[in-house]
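Bear in mind that the values here come from a model prediction, so they are computed numbers and not experimental data. When reading the values below, keep in mind they use all heavy atoms of this one structure, side chains included, and skip hydrogens, waters and symmetry mates. Each chain gets a letter, A, B and so on, in the order the sequences are listed, and its residues count up from 1.
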Amino acid sequence: MQKLDLSFYTRNDVVQVSKELLGKFLMTNFDGKITGGMIVETEAYAGITDKASHSYGNRRTKRTETMFCEGGTAYVYLCYGMYNLFNVVTNVAEIPQAVLIRAIEPTENIETMLQRRKMAKLQRNLTAGPGTLTLALGIRTDHTGTRLFGEKIWIEDRKINFSEAEILASERVGVAYAGEDAKRPWRFRVKNSLWTSLAK
DNA sequence: ATAAAGATCATT
DNA sequence: ATGATCTTTATG
């Protein structure tokens with residue numbers, strides 16, 4: 001088992017890190033149960049210059065403070081009053097960039113994930129979408145600030161890599177308010193994966 | 001103190 | 001298309 005190390009996260013290029021996260025395995029260990037799956041969809045948030053990012057314009061509040069941590073930290077926040085969205089902080093401390101994990105292909109302990117989602121059998125929407133995958137993995141807002149090198153939440157490299165040709169780039173979801181930045185093609189999906197949220 | 005909006009999802 | 005649901009943020 002090989003966890004991604006600090007140098008993977010602290011690079012000065014969120015977009016590149018977003019692409020490379022495809023094929024990595026996001027794992028959690030809560031309630032004595034290890035659950036997880038392969039990341040198949042991500043979005044990059046470029047920080048102070050990106051209107052779609054919470055940290056746009058260096059906005060620094062209690063919530064966004066986590067984005068200013070060193071790369072390799074979990075940034076979890078509540079969206080629309082009901083969904084916990086999980087991000088991976090990238091770059092060095094004080095440069096607030098992050099990658100939103102939007103979908104995974106469930107692999108580890110599917111039984112437990114089904115229970116958490118209150119689903120009877122495996123369907124392709126088990127972990128498709130940023131709000132549903134956190135439910136399946138047991139991630140909540142109080143995990144914000146958790147480092148990804150411990151025993152609770154981490155990302156593994158199992159030597160699966162996707163080439164540029166296998167990655168589909170498109171506009172990010174739900175950021176229409178961001179003006180010009182809404183058009184940036186910073187949503188990345190594994191082509192032909194059954195487990196991403198729906199195409200557009 | 002108040003109000004508005006939001007990196008969503010399941011259902012109709 | 002719409003409703004559920006509540007924190008964060010900006011403004012007065």
Electrostatic pair K3(A)-E151(A), nearest N-O below 4.0 angstrom
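Yes.
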Between [X] and [N], does any side-chain N or O lie under 4.0 Å from OP1 or OP2?
{"X": "H54(A)", "N": "dT8(C)", "value": "no"}
{"X": "T61(A)", "N": "dT8(C)", "value": "no"}
{"X": "R117(A)", "N": "dA10(B)", "value": "yes"}
{"X": "Y80(A)", "N": "dG3(C)", "value": "no"}

Just checking [X]: base, sugar-phosphate only, or nothing, at a heavy-atom cut-off of under 4.0 Å?
{"X": "L100(A)", "answer": "base"}
{"X": "R63(A)", "answer": "sugar-phosphate"}
{"X": "T141(A)", "answer": "nothing"}

May I have the distance from [X] (atom [atom1]) to [N] (atom [atom2]), rounded to whole angstrom?
{"X": "R184(A)", "N": "dA7(B)", "atom1": "CZ", "atom2": "C1'", "value": "16 Å"}
{"X": "N84(A)", "N": "dC6(C)", "atom1": "CG", "atom2": "C1'", "value": "12 Å"}
{"X": "K118(A)", "N": "dA10(B)", "atom1": "NZ", "atom2": "P", "value": "13 Å"}
{"X": "R60(A)", "N": "dT8(C)", "atom1": "CZ", "atom2": "P", "value": "17 Å"}
{"X": "E65(A)", "N": "dT8(C)", "atom1": "CD", "atom2": "P", "value": "14 Å"}
{"X": "M119(A)", "N": "dC9(B)", "atom1": "CE", "atom2": "P", "value": "13 Å"}
{"X": "Y56(A)", "N": "dG6(B)", "atom1": "OH", "atom2": "P", "value": "15 Å"}
{"X": "L133(A)", "N": "dA10(B)", "atom1": "CG", "atom2": "P", "value": "12 Å"}

Counting only heavy atoms not in N192(A), do more than 12 sit closer than 6.0 Å to its CG atom?
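For N192(A), atom CG is not crowded (no more than 12 foreign heavy atoms under 6.0 Å).
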Looking at the side chain of [X], which of [options] is the nearest nucleotide?
{"X": "M67(A)", "options": "dA10(C), dA7(B), dT7(C)", "value": "dA7(B)"}
{"X": "T132(A)", "options": "dC9(B), dA7(B), dT9(C)", "value": "dC9(B)"}
{"X": "R59(A)", "options": "dT8(B), dA10(C), dA7(B)", "value": "dA10(C)"}
{"X": "L78(A)", "options": "dT7(C), dA10(B), dA7(B)", "value": "dT7(C)"}

Taking the cut-offs as 6.0 angstrom to the six-membered ring centre and 45 degrees off its axis, would you call R11(A) and Y9(A) a cation-pi pair?
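Verdict for Y9(A): no cation-pi partner in R11(A).
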Would [X] end up clustered with [Y] when hydrophobic side chains under 4.5 Å apart are linked, directly or stepwise?
{"X": "L4(A)", "Y": "L133(A)", "value": "yes"}
{"X": "F86(A)", "Y": "F149(A)", "value": "yes"}
{"X": "I34(A)", "Y": "L122(A)", "value": "yes"}

Given DNA chain B, 5'-ward residue of the pair A98(A) and N125(A), judged by closest heavy atom
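Nearest nucleotide further toward 5': that of A98(A).
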May I ask which nucleotide in the shown strands pairs with dA10(B), Watson-Crick or G-U wobble, both distances under 3.5 Å?
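Answer to the pairing question: dT2(C), which forms a Watson-Crick or G-U pair with dA10(B).
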